[in-house]
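What follows is a single structure, written as structure tokens, with notes after it.
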Amino acid sequence: MAKPTIPEIFEKASGLKTKKAKIAYLKEMGQYPAFKDILRINFDDDIVPLLPSGETPYRKDDAPEGMGYQTLHREYKRFTYFFKGSPNAENLSPIKRESMWIDLLESLSGGESELLAKAKDKRLKYKGITKALVKEAFPNLIVK
């Protein structure tokens, strides 16, 4: 089985009928660090972006999902450049950081870049995927 894209994981999880099924599926997908990072970025108030809030102007890739130049599974390590508390981020000028952010968004498929941009602003919404549910699935993932 091919590795599901991060949007596919969220879509499937939100389509599951019971809380128990959602938690079990989230735990199973917890094997993917990019997925857990997106959950933290979106739900953990301790994760503060060093980027302007709101929509980022970038050229959206029209490649089919999972066929973008890059995927979140490969690029999640770059997240450290965009959030408070990381030495990688603190040493960058705002212009350089924003340029790297745009490069990252443009390298991903449209669905993945949109998902990441929404998570950055803590606006990622999928039916039944809540902070409480994520805390239940991953008790040590979210600090506050």
Side-chain angles (χ1 to χ4, degrees), residues 1-16 21-144:
M1 183 178 112
K3 186 186 293 188
T5 66
I6 304 300
E8 287 171 344
I9 293 171
F10 277 100
E11 287 293 328
K12 182 168 181 183
S14 69
L16 295 171
K22 286 180 198 280
I23 290 172
Y25 183 70
L26 291 182
K27 284 181 176 182
E28 181 186 336
M29 294 299 107
Q31 68 182 302
Y32 302 119
F35 173 63
K36 288 174 80 174
D37 279 356
I38 293 291
L39 290 173
R40 273 199 73 214
I41 289 166
N42 191 66
F43 291 113
D44 194 336
D45 294 330
D46 214 32
I47 306 297
V48 178
L50 293 169
L51 296 158
S53 63
E55 201 148 324
T56 304
Y58 68 98
R59 183 187 45 76
K60 290 177 175 58
D61 189 343
D62 57 1
E65 250 354 91
M67 299 297 184
Y69 176 68
Q70 286 295 353
T71 68
L72 286 171
H73 289 296
R74 282 189 232 125
E75 295 296 313
Y76 76 93
K77 291 179 181 108
R78 291 172 57 187
F79 294 172
T80 63
Y81 293 106
F82 310 117
F83 299 94
K84 212 176 241 176
S86 166
N88 291 334
E90 305 289 340
N91 297 328
L92 288 176
S93 72
I95 299 286
K96 177 67 175 165
R97 186 179 311 108
E98 288 173 38
S99 172
M100 289 172 65
W101 176 250
I102 290 168
D103 287 346
L104 174 60
L105 293 177
E106 289 181 348
S107 73
L108 301 168
S109 67
E112 285 199 322
S113 59
E114 189 176 314
L115 184 141
L116 179 57
K118 284 182 179 177
K120 179 229 356 146
D121 289 331
K122 305 201 182 299
R123 294 184 304 113
L124 195 59
K125 303 267 189 271
Y126 282 92
K127 184 180 178 207
I129 310 300
T130 63
K131 186 174 189 171
L133 185 88
V134 171
K135 281 179 132 174
E136 203 169 321
F138 306 108
N140 301 319
L141 184 67
I142 297 173
V143 177
K144 66 178 193 181

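Listed here is the closest heavy atom pair of Tyr32 and Lys3: CE2-CG, 3.5 Å. Here the closest non-hydrogen pair linking Pro7 and Glu112 is CD-CG, 3.6 Å. Minimum interatomic distance between Leu16 and Lys22 (heavy atoms only, all atoms of both residues): O-NZ, 3.0 Å. Residues Ile129 and Ala13 approach most closely at CD1-CB, 3.7 Å, considering heavy atoms. Closest of all the heavy-atom pairs between Arg78 and Met100 is NH2-O, 3.5 Å.
The backbone N or O of Pro4 sits less than 3.5 Å from a side-chain atom of His73, completing a donor-acceptor pair. Although no hydrogens or angles enter the test, the distance criterion places a donor-acceptor pair under 3.5 Å between the side chain of Ser86 and the main chain of Thr80. Under the 3.5 Å distance criterion, the side-chain polar atoms of Asn42 are left unmatched by any main-chain donor or acceptor of Ile38. Between the side chain of Glu106 and the backbone N or O of Arg59, at least one donor-acceptor pair lies under 3.5 Å.
Within the structure, the side-chain hydrogen bond (donor to acceptor under 3.5 Å, both in side chains) test picks out the following pairs touching residues 134-144 (sequence neighbours left out): Lys19-Glu136. Each ring pair (Phe, Tyr, Trp, His ring centres under 6.0 Å) pair with one or both residues in residues 41-62, not counting sequence neighbours, would appear here, but there are none.
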### Query
When you look at Ile6 and Tyr76, which way does the side chain to side chain contact (heavy atoms under 4.5 Å, CB included) test go after all the steps?
CA-CA 11 Å; Ile6 304 300; Tyr76 76 93; over 6 Å; no
### Message
Could you go through Lys84 and Glu90, starting from their C-alpha distance and side-chain angles, then the distance that decides it, and tell me whether this counts as side chain to side chain contact (heavy atoms under 4.5 Å, CB included)?
### Response
CA-CA 7 Å; Lys84 212 176 241 176; Glu90 305 289 340; 3.8 Å; yes
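A distance of 5.5 Å separates NZ in Lys36 from CZ in Phe138, rounded to the nearest 0.5 Å. A distance of 5.0 Å separates CG in Leu72 from CZ in Phe79, rounded to the nearest 0.5 Å. Note that CZ of Arg97 and CG of Asn88 are 10.5 Å apart. Values are rounded to the nearest 0.5 Å. Put simply, OG on Ser113 and NZ on Lys118 are 10.5 Å apart, with the number rounded to the nearest 0.5 Å. Note that CD1 of Ile142 and CZ of Arg40 are 8.5 Å apart. Values are rounded to the nearest 0.5 Å. Taking CG of Leu39 as the start and CG of Leu26 as the end, the distance is 6.5 Å to the nearest 0.5 Å.
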Hey, can you pull the donor-acceptor pairs under 3.5 Å for the side chains in residues 45-57, sequence neighbours left out?
unit_1, atom_1, unit_2, atom_2, d
Asp45, OD2, Lys131, NZ, 3.2
Thr56, OG1, Trp101, NE1, 3.1

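Side-chain atoms of Asp44 and Leu141, non-hydrogen and from C-beta on, never get closer than 4.5 Å to each other. The closest side-chain heavy-atom distance from Leu104 to Tyr81 is not below 4.5 Å. Contact annotation: the side chain of Glu114 never approaches that of Leu105 to less than 4.5 Å [non-hydrogen atoms, C-beta and beyond]. Under the 4.5 Å side-chain criterion, counting only non-hydrogen atoms from C-beta, Ser109 is not in contact with Gln70. Under the 4.5 Å side-chain criterion, counting only non-hydrogen atoms from C-beta, Lys120 is not in contact with Phe82.
Looking at Glu8 and Lys12, no side-chain N of the basic residue comes within less than 4.0 Å of a carboxylate O on the acidic one, giving no salt bridge.
Within a 6.0 Å radius of NZ in Lys122, other residues, nucleotides and ligands contribute more than 12 heavy atoms.
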